[in-house]
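Only one structure is covered here, and it is reproduced in the block below.
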Number of protein chains: 2
Amino acid sequence: MGEKTVTIKDVAKEAGVGAGTVSRVLNDAVHVSPKTRKAVELAMQRLGYKPNAFARGLKSNNSYSMGVIVADITNPCFSKIIRGIEGTLQKSGFGMFLFDTEMDEEKVTQSINIMEEKKVSGIFILGEHFDTKKMLTDLYVPVVTVTSQIPICGYELPSNFASITINNERAAYSAMDFLCKKGKRKTVLLMSLADDENVGKARYQGYQNALKEHGIEIDQELLFFNQRLSMESGYECIYKIHEKGVDFDSIFAVSDLTALGAMRALSELGYAVPEDIAVVGFDGIEQGAYSIPSLTTIDQPRFLMGETAAKIMLDMIHKKKVLNREIILDFEFVERESTGK
Amino acid sequence: MGEKTVTIKDVAKEAGVGAGTVSRVLNDAVHVSPKTRKAVELAMQRLGYKPNAFARGLKSNNSYSMGVIVADITNPCFSKIIRGIEGTLQKSGFGMFLFDTEMDEEKVTQSINIMEEKKVSGIFILGEHFDTKKMLTDLYVPVVTVTSQIPICGYELPSNFASITINNERAAYSAMDFLCKKGKRKTVLLMSLADDENVGKARYQGYQNALKEHGIEIDQELLFFNQRLSMESGYECIYKIHEKGVDFDSIFAVSDLTALGAMRALSELGYAVPEDIAVVGFDGIEQGAYSIPSLTTIDQPRFLMGETAAKIMLDMIHKKKVLNREIILDFEFVERESTGK
DNA sequence: CTGAAAGCGCTTACAG
DNA sequence: CTGAAAGCGCTTACAG
């Protein structure tokens, strides 16, 4: 890339200054006289100078890059968050390594290994991962989780952690309260983890709260835990419950993709949505706005979550005091056709 | 990350060899006696040694990282390709920088800048981009395009280029031939670029070929070019054509997302799919299999395309002779409900 | 505010 | 097959 590499020395000679000075204008940290700065900048431009990231990193130990670990990159909810992160990082000149783990333990380990070698300045974790906590706590870089949290209950939040979420308990409560008010009493719950001291637990709590408030008992037969949050899993769950002959009048899936898969199964099995079965999803992905029927959902501000995560991360690595490291953004309950709008 | 960094010197001392030797086992290029190798490996393990990517890169100019430029990461077609690339690269210990450009000229430039600084060993381009050719030809790294091609007609393909596509002309032909045989004579065409010496041109050619063969004249009113391949654009096109009162009996969208958006608009406007209007998409994303009705489409082997791209790239940077650098993978025409199955 | 110099942790001819 | 040494292109105290 570029014929002969032009180094800081070339620039220094061209500008008639020392190499250290060029370095200083590059990192514009210390004071450099405006005049000198100008001269150096001109020289850099004339020579088409590009700093060598390796050399910079070797000395400063700052890689100008970050890493993102995502459970499922094909889920549009996550890709939208990634877009938010990437755009923000790019503006600050950071590169973003991406690792798609499919929740595979080994891939997570390998990803972390690569990130260590690359000396990323920070790691983002999107979605639920088993046991990442263990691996990450002895890393010394900041970690920001998005949509999920690292379960560190009972202890003070380590200064290198932050999380961007919505209030998952209230979100799940909203969805269920809405369904209950519609007269639904038999809601199938499609969940991933529910006992993780984390998002899953909060959502399940919201589910329980709403039912309790409406005087409805929980029916174990309607609960599906540990599901992968894919279209396929939603689809299969509905077939399963139908085959078992369990009666139900609505579905609350903790992911739009899963809800969409469920709707497809309902259609194949001859249930009408929303007449027979009302469906509520979670995430707010675009596909839910265009599906037939369109999907009622909890809209997480995905792009904003990504942006916010990146900004906080940037603050953390610049050693700024970040006092609010457990950020809870507003969600929006979006009513659409799948619940009869 | 790691308390005190253990360097190659520490390993050398621990193993009782020279630093150069440690380096040699690390890069297992040159011959090292099995005995020495063993000793070094043991020492590395004992000390928990992690090579410093900066130092390696500075000397060898090999970053062990690649860059991916994608037009729209929220499109599941691309994210599946990315999964294929990432998985393959990871196995070889490469990190993958991701840049989501949304086809914005400036973001592309900035992305390329960052990649130059990071000295990525190769660049993948997914989807259509305007004028990337210009920027990339003076880069000295290999470039592999996936789903699209860099238009270099009339010249020999530069040795640092490769492309992974399907036969887009035949694919589009298949879709249109199928529609024509169903008796459709007024197919709305939803395209992005059509005059780009590239994928778009090929697809449009296939469209024309099929119509010609069936003795159907092209109706300009049915042609939508330069569309963004999103759900929204598909949706809007249908509203536009409906408002103009143009008669049509089917839709061929060059992207599943666009087709899905179109189906939503049709539903809102009271058209029945497939009874009134047949719809065919392109890409083969999962969402099309679960939509209601399910979507007939051209299935591009997305994951395989990503894997193949990464493998070719690895071959190219390892200076292996790659004779087949314009790889054309098989597509599959998948018939579903949106055309009456 | 700025220059000279040391050194970050590797790789790679150069000898042997 | 292996060791000693130079050097990759920066950054950063240290002086001034």
Side-chain angles (χ1 to χ4, degrees), chain A residues 1-41 43-44 47-65 93 116-119 121 317-319, chain B residues 1-41 43-44 47-65 93 116-119 121 318:
Chain A
M1 282 158 135
E3 276 295 20
K4 61 289 276 178
T5 44
V6 5
T7 76
I8 210 172
K9 277 187 186 171
D10 301 321
V11 176
K13 196 179 295 172
E14 175 84 9
V17 300
T21 302
V22 177
S23 171
R24 279 173 203 118
V25 349
L26 218 54
N27 299 291
D28 62 20
V30 210
H31 288 288
V32 179
S33 83
K35 201 171 164 182
T36 316
R37 154 162 284 124
K38 197 78 201 163
V40 172
E41 277 167 353
M44 297 204 299
L47 269 43
Y49 170 72
K50 309 249 167 160
N52 180 315
F54 296 141
R56 298 183 90 171
L58 186 54
K59 277 304 294 182
S60 68
N61 227 31
N62 186 170
S63 64
Y64 281 93
S65 69
E116 277 196 279
E117 282 187 19
K118 306 296 189 202
K119 302 215 185 302
S121 314
I317 68 169
H318 291 135
K319 306 289 181 216
Chain B
M1 283 157 133
E3 276 294 24
K4 63 288 279 177
T5 43
V6 6
T7 76
I8 209 172
K9 277 188 186 169
D10 301 321
V11 177
K13 195 179 298 174
E14 176 85 10
V17 300
T21 303
V22 177
S23 171
R24 280 173 202 114
V25 349
L26 218 53
N27 299 290
D28 62 19
V30 211
H31 288 287
V32 179
S33 85
K35 200 169 161 185
T36 315
R37 153 162 284 122
K38 196 79 202 163
V40 171
E41 278 167 351
M44 296 204 298
L47 269 42
Y49 171 72
K50 310 250 163 154
N52 180 317
F54 296 140
R56 298 184 90 172
L58 186 55
K59 277 306 293 182
S60 68
N61 227 32
N62 186 169
S63 64
Y64 282 93
S65 70
E116 278 196 276
E117 282 187 20
K118 307 293 189 203
K119 303 218 183 303
S121 312
H318 290 135

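In what follows, every chain begins at residue 1, and chains take the letters A, B, ... in the order their sequences are listed.
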**Residue B:T21, side-chain atoms from C-beta onward, closest of D:dC10, C:dG9, D:dG3** = D:dG3

**Complete:** Whole-Å distance, B:I8 CD1 to D:dA4 C1', equals 14 Å

**Request:** For A:T36 and for B:A55, locate the closest nucleotide of DNA chain C by heavy-atom distance; then report the residue assigned to the nucleotide nearer the 5' terminus.
**Result:** A:T36

**Request:** Take the protein atom CE of A:M44 and the nucleotide atom P of D:dG9, then report the distance between them rounded to whole Å.
**Result:** 17 Å

**Asked** When the C1' atoms of D:dT12 and D:dG16 are considered, how many whole Å apart are they?
**Response** 16 Å

**Prompt:** Rounded to the Å, how far apart are B:K9 NZ and C:dC10 C1'?
**Reply:** 10 Å

**Request:** Rounded off to whole Å, could you give me the CG-to-C1' distance for the B:N62 and C:dG9 pair?
**Result:** 16 Å

**Which nucleotide in D:dT12, C:dG9, C:dG7 has an atom nearest any side-chain atom of A:S60** = D:dT12

**Message:** Taking any heavy-atom pair under 4.0 Å as a contact, classify B:V17: base, sugar-phosphate, or nothing.
**Reply:** sugar-phosphate

**Message:** Categorize B:T7 for me: base, sugar-phosphate, or nothing, with a 4.0 angstrom heavy-atom threshold over every strand shown.
**Reply:** sugar-phosphate

**Item:** Separation of C:dG9 C1' from B:K13 NZ (nearest whole Å)
**Value:** 14 Å

**Complete:** Heavy atoms of B:L58 and A:N52 approach each other most closely as CD1-ND2, 4.2 Å

**Request:** Please work out if A:S33 contacts a base, only the sugar-phosphate, or nothing of the nucleic acid, heavy-atom cut-off 4.0 Å.
**Result:** sugar-phosphate

